[in-house]
Amino acid sequence: MKIQNYINGEFENPIEDHWLENYNPAKGKVYGKFPNSTNADVESAVLAAENAFPIWSNTSIDERSKILTNIADLILGNLEFLAKAESKDNGKPISLARQIDIPRAADNFRFFANAITQFSSEAHESVGFNAMNFTLRQPIGVVGCISPWNLPLYLFTWKIAPALAAGNCVVAKPSEITPMTAFILADICSEAGLPNGVLNIVQGLGNTIGQAIVKHPKIKAISFTGGTKTGAHIALTAAPMFKKLSLELGGKNPNIIFADCNYDKMLETTVRSSFANQGQICLCGSRIFVEENIYEKFKQDFIEKVAQLNVGNPEEETTDIGALISKEHLEKVKSYIDIAHTEGGNILFGGERVEVENFEKGYYLQPTIIEVFDNKCRLNQEEIFGPVVTIMSFKTDEEALSLANDAKYGLSATLWTNNLNRTMQFSKQLQTGIVWVNTWMLRDLRTPFGGQKDSGVGREGGFEALRFFTEPKNICIQYD
Ligand code: NDP
């Protein structure tokens with residue numbers, strides 16, 4: 001299977017004809033190749049985008065909206081094909097790709113196809129001066145979208161859809177580890193009637209073409225989702241060029257459980273928020289804090305539920321936990337489990353690799369629960385990004401809040417309680433971009449999405465994304 005770049009509406013081999021191998025994590029085997037693009041490919045993508053911009057930015061809102069809706073429909077029309085491709089490329093259970101990843105990719109396009117028809121700007125009358133101000137929001141031009149491997153099509157489209165809706169032309173790069181569904185999307189975009197050059201997808205390595213996109217003087221804004229270290233590097237490169245930046249980075253999210261919550265709902269959701277997508281979601285609740293008086297009960301019940309999760313072949317309907325993304329990532333996650341031994345953590349469940357019949361080389365790991373006693377430990381401070389959670393007890397609201405905020409990250413938090421006062425106090429004081437109360441991962445696409453502290457800067461989602469992808473200009477008209 002050969003993946004190609006998508007530039008100016010054409011599928012193209014990389015100019016220097018260099019290729020990389022694409023792995024199926026479930027089997028630990030190469031199953032295809034994709035371009036190891038270079039600066040020359042990025043140049044060609046930028047040129048195509050630049051040429052397409054005058055027409056796309058002047059295409060009516062109705063027409064843009066219609067094309068984005070077509071893309072959404074075609075994604076749903078190809079749901080099974082895309083879900084299988086995503087599962088194979090990423091190792092995630094097919095059921096997850098079918099129920100979450102692919103429908104959400106379609107939703108991203110449908111949402112922004114509608115949102116752009118409702119997007120408006122402000123007007124300010126300068127009373128006493130016979131003057132009227134209005135804010136003109138214009139598309140930026142050529143923008144760069146760089147996305148990670150954990151939710152490949154879901155996050156790729158989360159950036160591209162608002163960028164296109166707002167009238168920009170895009171140079172996009174999916175993660176080198178999951179190039180497949182972006183490639184399929186290119187075909188869908190052509191079929192949906194997206195004009196040539198409006199979306200260009202360059203495949204390859206982050207530190208070469210990702211960097212080339214960030215550095216390119218004609219790319220005026222970068223929307224990036226990925227690790228905090230990479231985000232810092234991107235900021236360092238782009239800031240002196242005064243580019244607009246939206247950085248959605250890592251997380252170490254607290255899941256705070258009080259005894260007065262709806263226990264059964266909490267337990268079921270906590271299993272999901274800990275291990276969905278092999279724990280490789282930036283929003284997973286990886287630090288679980290439980291009120292002391294239900295701690296022992298929670299511990300037993302949680303272990304019992306987690307023990308029922310089925311680790312195995314992602315293609316099987318019954319699989320709950322598929323393969324981790326790569327051998328290197330598996331080793332990294334495993335090394336954190338080893339840290340538990342030196343840090344005095346208590347492995348309550350899991351911790352070992354799983355050998356799946358006929359898939360012996362796949363990257364499987366047991367869901368792992370580690371009891372810790374000090375929030376300062378590395379297990380509670382560093383992002384592991386795998387099927388590993390820690391649990392720890394607390395006594396008071398103040399202690400829970402302080403533990404939750406004691407991390408350099410600030411992406412999301414989950415709170416389980418039925419106490420209204422506590423809900424409001426925590427909602428106000430948690431240092432995160434999102435607080436879920438008595439739920440997890442319930443996403444309304446109109447809401448702002450992003451993190452505080454080392455989890456990033458800027459917000460995407462809803463009109464926030466359309467604001468990011470447009471340049472506001474103040475027009476002041478004085479009249480006689
Ligand atoms: P990385 O930061 O390694 O990579 C993200 C993307 O950036 C990839 O496409 C990568 O390419 C590219 N990249 C790497 N180096 C550069 C560079 N120097 N310049 C430009 N682009 C570059 O993250 P992962 O792919 O490993 O994703 C996991 C991380 O993403 C986790 O930390 C997770 O928390 C975070 N994340 C955050 C989310 C949020 O919304 N806040 C959501 C989902 C994930 P390549 O793959 O080729 O290296």
Side-chain angles (χ1 to χ4, degrees), residues 3 20-23 34-37 39 42 89-90 92 101 104 108 144-159 171-180 182 201-216 219 222-238 243 245-253 276-286 324-326 328-330 332-333 382-386 407-412 432-434 441 443 447-461 464-465:
I3 288 172
L20 296 160
E21 290 177 326
N22 193 18
Y23 276 79
F34 65 99
N36 185 0
S37 304
N39 284 4
V42 173
D89 215 27
N90 171 280
K92 67 176 67 211
D101 291 75
R104 173 57 193 275
N108 288 339
C145 297
I146 301 175
S147 56
W149 49 258
N150 62 328
L151 302 167
L153 194 64
Y154 177 129
L155 288 175
F156 194 63
T157 54
W158 178 237
K159 301 179 171 309
V171 175
K173 189 197 101 60
S175 168
E176 82 203 41
I177 313 176
T178 50
M180 182 55 88
I201 301 173
V202 190
Q203 304 270 5
L205 302 175
N207 54 17
T208 55
I209 57 156
Q211 181 73 4
I213 290 172
V214 173
K215 271 169 70 176
H216 202 291
I219 297 184
I222 302 287
S223 169
F224 167 82
T225 298
T228 295
K229 232 172 122 183
T230 318
H233 184 72
I234 288 175
L236 204 64
T237 310
K243 295 193 180 198
L245 277 183
S246 167
L247 303 174
E248 306 285 345
L249 310 176
K252 191 73 192 175
N253 311 310
N277 204 39
Q278 298 70 248
Q280 301 167 144
I281 303 181
C282 52
L283 302 165
C284 277
S286 53
L324 269 68
I325 189 69
S326 66
E328 295 69 33
H329 192 58
L330 173 70
K332 179 193 146 186
V333 175
E382 297 176 18
E383 187 184 41
I384 302 174
F385 213 57
K408 67 176 184 172
Y409 296 104
L411 188 53
S412 70
T432 57
I434 302 161
M441 198 75 180
R443 292 278 300 119
T447 58
F449 181 88
Q452 298 188 16
K453 305 198 275 190
D454 281 15
S455 291
V457 285
R459 293 292 182 273
E460 297 188 351
E464 296 291 339

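Ligands are counted one by one from 1 in listed order, and the atoms in each one are counted from 1 as well.
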Assess whether a salt bridge exists between Glu382 and Lys252, defined as any Lys/Arg side-chain N lying under 4.0 Å from an Asp/Glu carboxylate O.
no
Which segment of Leu205 sits under 4.0 Å of ligand 1 when only heavy atoms are counted
backbone
Heavy-atom proximity to atom 6 (C) of ligand 1 ranks first, among Ser147, Ser326, Cys145, Ala172, for Ser147
Pick, from Trp158, Phe385, Phe224, the option with the minimum heavy-atom distance to atom 28 (C) of ligand 1.
Phe385
Side-chain contact test, heavy atoms from C-beta onward, threshold under 4.5 Å: evaluate it for Leu151 versus Lys92 and give yes or no.
yes
Does some non-hydrogen atom of Gly231 fall short of 4.0 Å from ligand 1?
no
Backbone, side chain, both or neither: what part of Ile281 comes under 4.0 angstrom of ligand 1, heavy atoms only?
neither
Going by the 4.0 angstrom heavy-atom rule, the piece of Leu411 near ligand 1 is side chain
Below 4.0 Å, non-hydrogen atoms only: which portion of Glu383 touches ligand 1? Side chain, backbone, both or neither.
side chain
So, Phe156 versus Trp149, ring centres under 6.0 angstrom or not?
no
What part of Thr237, side chain, backbone, both or neither, has a heavy atom within less than 4.0 angstrom of ligand 1?
neither
Look only at interatomic distance and state if Thr225 has a nitrogen or oxygen under 3.5 Å from any nitrogen or oxygen of ligand 1.
no
Below 4.0 angstrom, counting only protein heavy atoms, does anything approach atom 46 (O) of ligand 1?
yes
